[in-house]
Each structure stands twice: as C-alpha cells, then as structure tokens.
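Notes for the one structure printed next.
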Amino acid sequence: MTLNPADDDFAARLRDALPGLDIAPPDPRYLEEPRGRYRGTGAILVRPRNTQQVADTVAAANAARVAVVPYGGGTGLVGGQVMPEGPAPLILSLERMHAIRALYPLENVVVAEAGTILTDVHDVARRHERLFPLSLASEGSARIGGLLATNAGGVNVLRYGNARDLCLGLEAVLPDGRIWNGLTRLRKDNTGYDLKNLLIGAEGSLGVITAAALKLSPIPAEQGTAMLIVASPQAALDLLSIARDQLGEGVSAFELIHRQGLEFLAEVGPDLRQPFDTSPEWCVLIDLGLAAGHDPLAALQDLFAAALERGLASDGVIAQSEAQREAFWTLRESIPEANRRIGSVSSHDISLPLGAIPDFIARGPAVIARLGGFRVNCFGHLGDGNLHYNVFPPKGRQRGDFDNQRAAIKRAVHDLVHEMGGSVSAEHGIGRLKVEDLERYGDPVRLDAMRAIKAALDPNGIMNPGAVLRA
C-alpha cells in the first residue's frame, strides 16, 4: 500500500480542518527509543486534547493515506513507537489526554484516558484505598494507552495478570476515524468477538486506544518481602511451588535474580546497599500480600524454614520494615538501569513453560559461549515464566564492538527458546525489532489470520506501518 508523507500541504489542510488542534514539528525525543536501536522519522506531531480530535486526525490521515504512529510514554523497548523508514508519518501523542474520567471504588474500577501516567493511576487508586497492580520499572513515564497497546506485564503478573487481564473496557479510534465506545465496566459480556482484546497488544497497528476502564483491587492489609539465596533455578522453581502451596494467591511476586545483575549494580548502578556481603549465584525476591489477621513475617519465616529443610535455600533476609521492603524492590527495579549503563549486545524478553526454565538456563551459556566470551544477565519474573536474558560484552569492552554479532546472538537464543516451547516476546511486544522473529517462529495460520484482520480494519495500512506485521 502506497503511503504519502505528512508534508506541509497535509499539515496546512489539517490545521484548516481542525482549528485549535496542537500541530507542530516533532521534538527529537519523539523520534528516539530507549535502546537507541532505531531513529524515527516524523513530519508533524499532533497532540489532541480529546477523543474527537483523535478521531478527526486519524480520519484525515486515512483520507490522505498518511501513516499514523501512536505515541504514549516512549518507553517501549521494541521500536513500536518510532518509524525509521517510509514516508514521514504523523506522530500522534496522547500525552494531553490524561484525565481520570471516573472512579467506582465499590466496583473496583477506574476509567482513565490513554495519556495518563501509570503512577498517577496508582496514586488515585491509593487515595481511595485501592490498588492498581500493574507495576514496572518505567511506571513514572509509561502511559496507560501504550501499556495496553503492548499488553505490558511487570512484576505482579503472577497474582494479577498482564495489562490485558486488568482491563474491562476500551474507548478507541479505528483506522477510518470512527470511535468505538467500548468503555464497559462489565465483568461478563459475552456478546460476540472481543474487540477489546484484539486492540490490546496490537501496538497501535489496528487503532488508537483513547481511554480504558481498569480493574482495581483491595490493597493487601499485610505485606511482606524477602530475598532468599537459592541453590539453583530449579531450587527457585521448587520454592515457588512450596510458596503457592502454603500461601496461595498471597504470593504477589516471585523474582529470580542472578549474580551478574547484582555485580552490574555494584559496577555502574546507583549507590544501593545490597543485602548480601557476597553476591550469590542465584537469589529470589518474594513479595506477599495477605489479608488482615495474617502475619507475613511469620509466613516468610515458615517458608524459609521449609526451603532450608529441603536444601533449596541457604540464607536470606526478611524485610523488617516498609523502608527495607522498598529497598529490596528498588534493588530489583534498578537492574534494568544498570543493564542499560553496561550496554547489552543483545537483549531478549522471553517466556518459557515453568518446568523448562531450569533446563533453558543450564543450556543457554553453552549456546552463547560458541559465539564469544560474553557475559549473561538472566533475571525476571519466575512466577509467570518471563525471563530477561541479556547478553553483554566482556568487561572493558563496549557493545558497539560486537554489533556485527548481535543478530547471531539473538537468533541463537530465540532458536533455543522456540525449541523448548517458549515465546520470543513475553511482555515487550513485537514492535519493529521482532517482526522477523514473528515471521520465523510464528504459526503460519495465525499470521495469515493477523494479516487478514489488519487488512479488514486498516485497508490503507496507515496505522503504525511496520509494527507487528511487515508493511
């Protein structure tokens, strides 16, 4: 499908048709993505203030066959928010649409516009003694629309699910400019095809999410956190099973951390106190959220005793205060920033069946060693099978020294993941970075169905071309 640039003539027509719409050349930050792998193009930046302005803008772009790249907080890690090739697109930023439209504490529902920053949703929920459980390192800048468009995960998926599981309804603009009013608060609505879940995870390739009805939860009355040294990834998995047997849904998060991540923090990270004098080979961060009347400290002590008896854990630290609990989580959430400062040659957001994780971790180093003497930092959300398996240059070298090996490293890791029944994209999406991977590892029937859906909803191919599916 041939697209046209968002040139001066198109911008002038847009201004004439939509007086009051904020239209300007894009600031450089709208053309960048966090890992620096892509440099986007963009002729104009549009920042609508309401859904009707979004609809009018998309309708005009569709009529002129101008590409539209939706932009949330810019925190995506697979290049879905930048378009490096093709006629310069219109960048559609939702940042001015940040209202909390409604809150229903008794229903545990909040309705937020797509440009609302995640921490702002956390804050409004907390003021009403509720919890919005989606939590990730970029929550201070990530926005609700982008989080839903990528079906973001984070640390609490084990208990609460992905972004998809936290959404009841959507308002969205389709590629022809029509507004879909799907902001239902219903928990059950079995009336045909699920358009909500089609748009969630589509990364702006099927339309623009403008608002969402989000599920809230009660704030756990009692919370507890511990870091335990475990003998191996298999021991960590066995410990997770014991924790769930003993505590059920009280286990909110269960994070696996490798020695390399702690050493990166010591090398380049912020000045954080680490809980162990010597970085253990493997440790886990466990977070509990219990009902009133239950003692998380006693629960964690019992869990550690069971782990010690079975030889799964050798040492640990249980947070004795909220400050110490927060310090543990700050340590975990700082690992991605330390990774960024070191500079990975190739980063992989993967998921595996839980039972396959120990074998994957055991086999991975030999696969990487065949390509060179790289360092590997393997960490992630063990409870839901999502690992971040990142490959770094030897100490003293820069990632740029190995750019020519990045593709081979990614292929080797993803081949192993695919062989073991996993996914090469767990929580970051496909974007532009993994389009070839989706074609290589995806089921061909599913891919044909995806292309048919794209053609039906976006026949002119204006919505985020090149993201998820090849343009």
Side-chain angles (χ1 to χ4, degrees), residues 1-3 33 38 58 61-62 65 67-72 76-86 89 92 114 145-153 161-165 167 169-170 172-178 180 182 191-210 212 348-352 385-386 410-411 414-415 417-418 421-471:
M1 191 65 63
T2 302
L3 295 173
E33 50 86 26
Y38 295 97
V58 172
N62 189 54
R65 295 197 173 182
V68 176
V69 176
Y71 191 94
L77 297 175
V78 290
Q81 71 274 51
V82 292
M83 181 175 157
E85 299 175 349
L92 183 66
L147 292 165
L148 289 168
T150 56
N151 189 29
N162 290 303
R164 184 188 307 279
D165 303 298
C167 182
L170 290 179
V173 173
L174 299 183
D176 61 4
R178 288 181 296 165
W180 173 50
T191 53
Y193 299 153
D194 193 340
L195 186 56
K196 174 197 72 176
N197 277 325
L198 187 61
L199 293 173
I200 294 174
E203 303 184 50
S205 65
L206 300 177
V208 183
I209 294 170
T210 52
H348 314 97
D349 163 46
I350 58 175
S351 64
L352 293 137
N386 177 195
K410 184 176 81 163
R411 175 72 181 272
H414 286 177
D415 280 353
V417 170
H418 183 66
S423 169
V424 300
S425 179
E427 65 177 356
H428 293 162
I430 296 296
R432 291 173 174 82
L433 179 66
K434 296 185 178 181
V435 169
E436 183 179 340
D437 294 313
L438 181 61
E439 294 171 344
R440 182 185 306 277
Y441 304 110
D443 179 81
V445 175
R446 181 188 181 203
L447 285 169
D448 283 347
M450 289 171 61
R451 294 182 183 111
I453 292 168
K454 171 73 170 175
L457 291 180
D458 184 19
N460 290 331
I462 67 162
M463 292 307 307
N464 211 8
V468 184
L469 295 172
R470 194 178 300 276

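Heavy-atom basis, side chains included; hydrogens, waters and symmetry copies ignored.
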Within-4.5 Å side-chain heavy-atom neighbours: Leu198 and Tyr193: no

Keeping the roles fixed (side chain from Asp349, backbone from Ala426), state whether a donor-acceptor pair exists under 3.5 Å. yes

Spatial distance of atom NE2 (His414) from atom CD1 (Ile350) [nearest 0.5 Å]: 7.0 Å

I need the minimum non-hydrogen distance between Val69 and Val82, along with the two atoms involved. CG1-N, 4.4 Å

Counting neighbours of CD on Glu439 that are heavy atoms of other residues, nucleotides or ligands and sit closer than 6.0 Å, is the number greater than 12? yes

Main chain of Val445, side chain of Asp448: is a donor-acceptor contact present, judged purely on distance under 3.5 Å? no

Start with the C-alpha gap between Leu148 and Cys167, add the side-chain angles, then the distance that decides, and say whether side chain to side chain contact (heavy atoms under 4.5 Å, CB included) holds. CA-CA 8 Å; Leu148 289 168; Cys167 182; 3.9 Å; yes

Enter the distance from Asp194:CG to Leu199:CG here, rounded to the nearest 0.5 Å. 9.5 Å

Contact summary for Ala67 and Leu3, nearest pair of heavy atoms: CB-CD1, 3.9 Å

Calculate, to the nearest 0.5 Å, the distance between atoms CG and CZ belonging to Asn460 and Arg65 respectively. 4.0 Å

Within a 6.0 Å radius of atom CZ on Arg178, are there more than 12 heavy atoms belonging to other residues, nucleotides or ligands? no

About how many Å separate OH of Tyr71 and CG of Asn464, when rounded to the nearest 0.5 Å? 12.5 Å

Nearest atoms (heavy-atom pairs only) where Asp176 meets Asn62: CA-ND2, 3.8 Å

With under 30° as parallel and over 60° as perpendicular, where do the rings of Tyr441 and His418 fit, or are they tilted in between? tilted

Measuring from atom NZ of Lys410 to atom CG of Asp437, what distance do you get when rounded to the nearest 0.5 angstrom? 4.0 Å

As an exercise, state the distance from CG of Asn386 to CG of Asn162, rounded to the nearest 0.5 Å. 8.5 Å

Trace of the side chain to side chain contact (heavy atoms under 4.5 Å, CB included) decision for Val78 with Glu203: CA-CA 10 Å; Val78 290; Glu203 303 184 50; 4.1 Å; yes

Spell out, as yes or no, whether a donor-acceptor pair under 3.5 Å connects the side chain of Glu33 to the backbone of Gly79. no

Kindly say whether Ser205 contributes a backbone atom to a donor-acceptor pair with the side chain of Lys454 at under 3.5 angstrom? yes

Tightest non-hydrogen contact, residues Trp180 and Lys196, listed as CH2-N, 3.6 Å

Does a side-chain heavy-atom distance below 4.5 Å link Arg411 with Arg440? yes

Is the backbone of Glu427 close enough, under 3.5 Å, to the side chain of Asn151 for a donor and an acceptor to pair up by distance? no

Are the side chains of Met463 and Leu174 in touch, meaning some heavy atoms are under 4.5 Å apart? no

What pair of heavy atoms forms the shortest contact from Arg432 to Gly466, and how long is it? CG-O, 3.3 Å

Can you find a heavy atom in the side chain of Met450 that is under 4.5 Å from one in the side chain of Val468? yes

For the student: nearest non-hydrogen atoms of Lys434 and Val424, plus distance: NZ-O, 2.6 Å

